[in-house]
Amino acid sequence: MAWRDWIRTVEIEPSLYAADFSRLGEQVEVLLRAGTRVFHFDVGDGHFVEPVTIGPVVLQSISPLVHEMGGILDCHLMVDNPTRHFPQIAAAGGDSVTFHYEVVDDVPATIAAAREHGLQVGVAFNPESEPEDVAAVAGDADLVLCMSIHPGYSGQEFMPEALDRIARLRDALPDDVHVQVDGGIDNETVVSAYEAGATLLVAGSAIFGREDLPRAYRRLVQALA
Ligand code: DX5
Ligand code: ZN
């Protein structure tokens with residue numbers, strides 16, 4: 001199975017980093033029932049980003065439920081040394097890994113290393129990196145992630161300059177590589193990011209910061225209808 005089989009033209013991806021971890025299984029299940037197909041899972045190492053976030057132990061505890069219900073786990077590695085984490089992520093039930101352009105010398109080789117573990121692959125880049133530079137080396141990836149915040153924490157505001165960066169990235173990439181956006185996606189920014197060319201839209205606090213998770217998820221989906 002590959003990204004092209006998983007996604008339905010466009011996907012809203014709830015970011016589990018923003019979940020209530022005392023009720024993680026319940027929240028995942030409620031969102032799967034509401035129609036979520038792809039979950040975003042943020043691994044932060046305390047070096048590339050300030051916080052230590054969640055990792056393979058948590059991934060392992062939710063992946064059976066997600067897979068049983070037809071879901072996908074899309075892992076965003078906010079870490080200095082992504083390659084060393086690929087085997088553990090794959091063993092814990094991750095389906096896709098997205099590593100950062102900024103920390104890797106050889107992007108095509110890193111993409112190939114992830115594929116050796118049976119993983120789908122994304123390449124992420126920060127607001128300081130140029131979309132065209134990333135696109136020039138990430139053509140073999142399944143997705144390229146344009147960060148619309150400085151990575152590290154949920155609940156930050158969408159950087160408006162990300163819209164132009166998404167559009168430039170879309171133009172520079174082959175058609176079959178998806179553009180993903182992560183950070184500050186809400187009921188308004190989801191529309192402008194989609195119009196700029198993003199088809200995988202990650203949302204943390206806009207879903208988990210609300211009382212009614214299915215309703216928050218569906219509002220984001222409906223905003224694009
Ligand atoms: C933070 C993570 C994001 C985060 C998004 O750097 O990469 O996935 O959870 O959260 P929101 O949607 O609240 O900006
Ligand atoms: Zn993320």
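Note that the coordinates shown come from a computational prediction; the quantities given were computed from them, not determined experimentally. Just follow the structure's listing: the first ligand is 1, and inside any ligand the first atom is 1.
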Evaluation steps, side-chain contact (heavy atoms from CB on, under 4.5 Å), between Tyr17 and His76: CA-CA 10 Å; Tyr17 184 24; His76 176 193; over 6 Å; no
Is it true that, when you exclude Glu50 itself, more than 12 heavy atoms of the residues, nucleotides or ligands shown sit nearer than 6.0 Å to its CD?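 No, the 6.0 Å shell around CD holds no more than 12 heavy atoms from other groups.
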Decide yes or no on salt bridge (charged side-chain N to carboxylate O under 4.0 Å, His left out) for Arg115 and Asp142, but give the supporting numbers first. CA-CA 11 Å; Arg115 294 208 190 284; Asp142 300 292; 3.0 Å; yes
Have a look at Asp182 and say which of its N, O or S atoms is nearest the Zn ion (ligand 2).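 The Zn ion (ligand 2) is closest to the Asp182 atom OD2, counting only N, O or S.
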Tell me if a side-chain donor or acceptor on Arg165 pairs with a main-chain N or O of Ser148 at a distance below 3.5 Å.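 Not confirmed, Arg165 side chain does not pair with Ser148 backbone.
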Quick check: does any side chain N or O of Asp45 sit under 3.5 Å from a backbone N or O of His47, one acting as donor and the other as acceptor?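 Yes, because the side chain of Asp45 sits within donor-acceptor range (under 3.5 Å) of the backbone of His47.
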Any donor-acceptor pair under 3.5 Å linking the side-chain atoms of Asp186 with those of Thr189?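 Asp186 and Thr189 do have a side-chain donor-acceptor pair below 3.5 Å.
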For the metal site, I want the angle between atom OD1 of Asp42 and atom ND1 of His76 with the Zn ion (ligand 2) at the apex, to 10°.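 Rounded to 10°, it measures 90°.
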Parallel, tilted or perpendicular, judged at 30° and 60°: which one describes the rings of Phe48 and His100?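 Judged by the thresholds at 30° and 60°, the geometry between Phe48 and His100 is tilted.
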Give every pair made of an N or O atom of ligand 1 and a protein N or O atom lying under 3.5 Å apart, one pair per line with both atom names and the distance to 0.1 Å, or write 'none'.
residue  : atom   : partner : partner atom : Å
ligand 1 : 6 (O)  : Gly152  : N            : 2.7
ligand 1 : 7 (O)  : Asp42   : OD1          : 2.9
ligand 1 : 7 (O)  : His76   : ND1          : 3.3
ligand 1 : 7 (O)  : Asp182  : OD2          : 2.9
ligand 1 : 8 (O)  : Ser15   : OG           : 3.3
ligand 1 : 8 (O)  : His40   : NE2          : 3.3
ligand 1 : 8 (O)  : Asp42   : OD1          : 3.3
ligand 1 : 8 (O)  : Asp42   : OD2          : 2.8
ligand 1 : 8 (O)  : Asp182  : OD1          : 2.7
ligand 1 : 8 (O)  : Asp182  : OD2          : 3.0
ligand 1 : 9 (O)  : Ser15   : OG           : 2.8
ligand 1 : 9 (O)  : Asp42   : OD2          : 3.4
ligand 1 : 9 (O)  : Ser154  : OG           : 2.7
ligand 1 : 10 (O) : Ser154  : OG           : 3.2
ligand 1 : 12 (O) : Gly204  : N            : 2.7
ligand 1 : 13 (O) : Gly155  : N            : 2.8
ligand 1 : 13 (O) : Ser205  : N            : 2.9
ligand 1 : 13 (O) : Ser205  : OG           : 2.5
ligand 1 : 14 (O) : Gly184  : N            : 2.8

